[in-house]
2 protein chains.
Amino acid sequence: MSKAERIRIYDVARVAGVSVATASKALNDTGRMTEETRKRVKQTAAALGFRPNAMARALTQQRSFTIGLLTNDTYGRFTLPVMAGVSEALVDQGVSVFLCGIEDDAALAKLHLDAMLDKQVDGIIATGKRIDRRLPVDLSHLSVPVVYAFTEGPDDAVTLVSDDGQGAREATQWLANIGRRTLVHVTGPESFASVSARAGAFRAVAGQGAQVLHGSWSEAWGHEAIAKLWNGDAPRPDGIFCGNDQIARGVVDALRERGVDVPGDVSVIGFDNWEIVAAATRPPLTTVDMNLKEIGREAGRLILELAEGKPVEPGIRKLPCKLVLRQSCGGDAIAARNQGEALQES
Amino acid sequence: MSKAERIRIYDVARVAGVSVATASKALNDTGRMTEETRKRVKQTAAALGFRPNAMARALTQQRSFTIGLLTNDTYGRFTLPVMAGVSEALVDQGVSVFLCGIEDDAALAKLHLDAMLDKQVDGIIATGKRIDRRLPVDLSHLSVPVVYAFTEGPDDAVTLVSDDGQGAREATQWLANIGRRTLVHVTGPESFASVSARAGAFRAVAGQGAQVLHGSWSEAWGHEAIAKLWNGDAPRPDGIFCGNDQIARGVVDALRERGVDVPGDVSVIGFDNWEIVAAATRPPLTTVDMNLKEIGREAGRLILELAEGKPVEPGIRKLPCKLVLRQSCGGDAIAARNQGEALQES
DNA sequence: CAATATTGAGAAAAGGGTTTTCCATTGAGG
DNA sequence: CCTCAATGGAAAACCCTTTTCTCAATATTG
């Protein structure tokens, strides 16, 4: 595939019968020359398999064509989709991505950060497992631009997050649309910003009196919540919106064990669209996808613009979530009708 | 943290009152000078926060202090632990890692590979989601060293894999040790190399007549397998070793739904130690951990040696798996005794 | 005491291949 | 014949660290 001796622009120039200066200009579409010369050089370069040495290029341009992705999400559930998006947005531009997992270790973070800065990265994307938790390292006075994706940065930073409110609103609205009347939101710890954003949106649609249960982000909590709801005196819900897919899976399993039919008797919606959980649930979960890959793509685009010196308006950009329909919700007829309407509207 | 203007070795030299040559030698512990001078330079460098420019350094040394990690494991279940290990082994040496997810797209793979080669990576680690599946790109004639981790490479390559046979042997032996007599292996498609390795080891311990059921890598297959085993005429097993944690979870769920007690009536062991599945199963899964992080660390160490020009014996290195005890297996008393013996032996 | 060896430190070049600047040549038109 | 535009080339710039080579100063030896 690649050969031991790399082709240099010098070789291209020699074979094409021009100087390296002309070759360079031809390949970069700069300078002036006959179209014929430019074409010939390009063809020669392609024929020889010439690829400019990025390191040498970095000398004259002020760019290394390299960016760093810093994350504290060890398990990678959130980071990987973001990373995939970033990568996708940048690989065409010849930009490569350093991935640094720093957990919550400040010393480790500094080690990675320094290593990246030493390598003259053109920019850094910070990402995490939780929108409202900062990374254990200060990125605010670096000499390179920083974009925060799915993690909190300083107020004057460029930040990308999912629109939790909108996602929760759509999910709740969906439950209402398919005829569910008694809605409950089973979610994670109150201390999470995304939890209150989602709960707020849920209440805005389901009514301020609608019940919200807080617990851990686990399947176990889903089981427990169903026990509470079914053993208590309050009217039992026929629509349950969960704070994440793990809780939703716990909820669905618990309902099945009680002989409650999902989606016949109760509709359940999750959050995250964590494929491995959502698809394995019986029935598979209808859930809210945060479009993390799109967040990654956007982060990639933005860091690129910043690296090129273009101005980017600071502030928080919310990207919309998307409801992914599977079988835990039912109401297919109504769903179909609504989708039809939606199509006509657009 | 970092300042707009980077400190160069020139600044260190000026402040310390020496030449750049002396400064360089002092900081790299080369050359000759009084210990006092060396110390003074080092202190000055530390005080100024000097960090050598890796790119400039790469010019004189033949190394970029950068390696590439190529993976086709989009979901990252296998890649992330490997990546964590690689990173851990290399960050102290100031080596950063480009992560490239290439799915199974040859064109994308080439794009990423070229981008990395353009950036003069010191080496490449190839990793995947399946030991016996090659990446869709040929890495065999590159000008940089390559280490294969958890994916198949050419025969003369340096390859690291988990010891599936040993892992399966330990798991099966464990079931036997705690008194289980009728053992079954419920695993993935026969076409996987790891499946036959594990099945072979299972049979070696459980007896050549022991049943092995092949299916998909899913929870659904776990349910289905239990249905087959319990509805059939053959004697029902009291010990089930599963090919991965998802199957094991399906098995455990199916048994619970049939009123079979795990681990009271039947012991179940999984494979992968995929935390999110193993810990959420009720009861939590005893399972085989492939030590992927250690594979990553070893891959990092090896690629470093190769990058430094040291010779590394080619061939396949098998790293041992480790049985992780949770509650799906039972036999705690026996387990405790056996562990005691193991301790005495060692 | 002279001759040689050793030590400490600096000046300058190398290291890399691309890009960019500026200049030279050619041919056409006035 | 002179000027100008168009094309392409020679050489410097780019960046900062490392390394080599040299030299002066001091120590050691005969």
Side-chain angles (χ1 to χ4, degrees), chain A residues 3 5-42 44-45 48-66 94 117-122 143-144 308, chain B residues 5-42 44-45 48-66 94 114-115 117-122 143-144:
Chain A
K3 34 258 118 193
E5 296 294 322
R6 271 189 84 96
I7 304 290
R8 294 166 319 191
I9 199 171
Y10 175 86
D11 302 309
V12 175
R14 184 168 40 75
V15 174
V18 296
S19 69
V20 288
T22 304
S24 172
K25 282 180 285 197
L27 295 174
N28 292 295
D29 283 326
T30 57
R32 285 183 316 196
M33 69 197 65
T34 52
E35 206 42 51
E36 189 275 331
T37 305
R38 196 180 293 280
K39 193 172 157 194
R40 177 160 44 92
V41 173
K42 283 186 175 179
T44 307
L48 294 179
F50 167 73
R51 295 190 53 88
N53 180 316
M55 198 152 257
R57 197 172 213 174
L59 285 179
T60 55
Q61 323 227 34
Q62 314 289 21
R63 302 179 48 195
S64 64
F65 294 92
T66 281
L117 292 174
D118 292 349
K119 293 185 181 85
Q120 314 291 111
V121 290
D122 296 332
S143 50
V144 298
E308 287 166 356
Chain B
E5 296 294 321
R6 271 188 86 96
I7 304 291
R8 293 166 320 191
I9 200 172
Y10 175 85
D11 302 309
V12 175
R14 184 168 39 74
V15 174
V18 296
S19 69
V20 288
T22 305
S24 173
K25 282 179 286 197
L27 295 173
N28 292 296
D29 284 325
T30 58
R32 285 179 316 194
M33 69 197 65
T34 52
E35 206 42 52
E36 189 275 331
T37 305
R38 195 180 293 279
K39 195 173 157 194
R40 178 159 45 91
V41 173
K42 282 186 175 178
T44 307
L48 293 179
F50 167 74
R51 294 192 55 87
N53 180 317
M55 200 151 253
R57 196 172 215 177
L59 284 178
T60 55
Q61 323 221 42
Q62 311 291 21
R63 302 179 49 195
S64 63
F65 293 91
T66 281
D114 282 344
L117 293 174
D118 292 347
K119 291 183 181 88
Q120 313 291 111
V121 290
D122 296 332
S143 49
V144 297

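Residue numbering restarts at 1 for every chain, and letters A, B, ... go by the order of the sequence lines. Since we're looking at a predicted model, the values are computed, not measured. Hydrogens, waters and symmetry mates are skipped; everything else that's a heavy atom, side chains included, is used.
Among D:dT17, D:dC15, D:dA11, the nucleotide with an atom closest to any side-chain atom of B:A56 is D:dT17. Of the candidates D:dG8, C:dA12, C:dT19, the closest approach to any side-chain atom of A:T37 belongs to D:dG8. In the set C:dT18, D:dT20, C:dT20, D:dT20 carries the atom at the smallest distance from any side-chain atom of B:A21. Closest to the B:T60 side chain, of the nucleotides C:dT19, D:dT19, D:dT18, is D:dT18. The nucleotide whose nearest atom lies closest to any side-chain atom of A:S24 is, among C:dT20, D:dT20, C:dA9, C:dT20. With distances taken from any side-chain atom of A:R32 to the nucleotides D:dA6, D:dT18, D:dG8, the minimum falls on D:dA6. Each of D:dT17, C:dT18, C:dG16 was ranked by its minimum atom distance to the side chain of B:L59; first place goes to C:dG16. You'll find that the side chain of B:K25 is closest to D:dT20, out of D:dT20, D:dT7, D:dT18.
Rounded to whole angstrom, the span from the OH atom of A:Y10 across to the P atom of C:dG16 amounts to 15 Å. The distance from atom CE of A:M55 to atom C1' of C:dT19 is 17 Å, rounded to the nearest whole Å. Regarding B:R14, its CZ atom lies at a distance of 15 Å from the C1' atom of D:dC16, rounded to whole Å. Here C:dG15 presents its C1' atom at 16 Å from CZ of B:R63, a figure rounded to the nearest Å.
The pair A:D29-A:R38 meets the salt-bridge criterion, with a side-chain N (NZ, NE, NH1 or NH2) lying under 4.0 Å from an Asp/Glu carboxylate O.
Two residues are said to be in side-chain contact when any heavy atoms from C-beta on lie closer than 4.5 Å; A:Q120 and B:N53 meet this criterion.
Of all heavy-atom pairs spanning A:T22 and A:T37, the tightest one is CG2-CG2, 4.2 Å.
The phosphate of D:dT18 (OP1 or OP2) has a side-chain N or O of B:R57 nearer than 4.0 angstrom.
When each of B:F50 and A:V20 is assigned the nucleotide of DNA chain D bearing its nearest heavy atom, the one mapping closer to the 5' terminus is A:V20.
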